[in-house]
Amino acid sequence: QVQLVESGGGSVQAGGSLRLSCLASGRTSSSYATGWFRQAPGKEREFVSGISWRGRSTVYADSVKGRFTISRDNATNTVYLQMNNLKPEDTAVYYCAASPTIATVRRGDYWGQGTQVTVSS
């Protein structure tokens with residue numbers, strides 16, 4: 001089992017930045033790819049970005065390419081999502097999830113509780 005806790009959400013104006021953190025605990029000695037997802041009110045959850053265990057592979061949704069950057073620090077069991085040039089349509093609850101490999105990162109096997117991001121125009 002892996003436990004995940006997100007932090008770093010908040011309220012910003014359009015064009016602003018936030019950095020989300022996902023802290024893992026539990027079976028962190030195992031290697032996991034990690035993904036970020038989001039769910040806006042009335043919408044389905046969508047994949048945002050993913051990173052492999054060693055950080056060598058990353059994937060992004062088209063809607064965030066060039067604005068969001070995913071990274072990880074395995075020494076502290078933390079995955080980050082740097083979000084720049086935020087838009088009102090980025091408003092959502094953001095979740096991180098762990099999966100065995102980057103190929104399965106969109107599946108999400110272990111989930112955090114989420115952190116709210118609100119972008120005002």
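All heavy atoms count here, side chains included; hydrogens, waters and symmetry mates do not.
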Proximity of Trp111 and Phe37 rings by center, below 6.0 Å: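 Close enough - the centres of the two rings lie under 6.0 Å apart.
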Residues in ring pair (Phe, Tyr, Trp, His ring centres under 6.0 Å) contact with Tyr60, at least two apart in sequence or another chain: none
Interatomic distance, [X] atom [atom1] to [Y] atom [atom2] [nearest 0.5 angstrom]:
X: Arg38; Y: Glu89; atom1: CZ; atom2: CD; result: 8.0 Å
X: Ser99; Y: Arg106; atom1: OG; atom2: CZ; result: 11.0 Å
X: Thr58; Y: Arg72; atom1: OG1; atom2: CZ; result: 12.0 Å
X: Ser71; Y: Gln82; atom1: OG; atom2: CD; result: 8.0 Å
X: Asn77; Y: Cys22; atom1: CG; atom2: SG; result: 10.0 Å
X: Asn84; Y: Arg67; atom1: CG; atom2: CZ; result: 9.0 Å

Using side-chain heavy atoms (C-beta onward) and a distance below 4.5 Å, is [X] in contact with [Y]?
X: Ile51; Y: Trp36; answer: no
X: Arg107; Y: Pro100; answer: yes
X: Phe68; Y: Leu86; answer: yes
X: Asp109; Y: Tyr32; answer: no

Mind checking side chain to side chain contact (heavy atoms under 4.5 Å, CB included) for [X] and listing every partner two or more places apart, or none if nothing turns up?
X: Thr76; answer: Asp73, Thr78, Tyr80
X: Val117; answer: Leu18, Leu20, Met83, Tyr94, Val119
X: Gln39; answer: Arg45, Tyr95

Minimum heavy-atom distance between Ser121 and Ala14, given as atom pair plus value: CA-CB, 4.3 Å
Exercise: identify the closest heavy-atom pair between Ala97 and Gly108: CB-CA, 3.8 Å
Residues forming a side chain to side chain donor-acceptor pair (under 3.5 Å) with Ser52, sequence neighbours excluded: none
Set of residues satisfying side chain to side chain donor-acceptor pair (under 3.5 Å) with respect to Gln113, sequence neighbours excluded: none
Verify same cluster id: Val48, Ile70 (apolar side-chain graph, 4.5 Å): yes
Single-linkage hydrophobic cluster, 4.5 Å side-chain cutoff, Val93 and Phe47 together: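 Yes, Val93 connects to Phe47 through the hydrophobic network.
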Check: Gly114 main-chain N/O paired with Glu6 side-chain donor or acceptor under 3.5 Å: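 Checking the backbone N and O of Gly114 against the side chain of Glu6, a donor-acceptor pair under 3.5 Å is found.
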Ion pair check, Asp90 and Lys87, cut-off under 4.0 Å: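 No.
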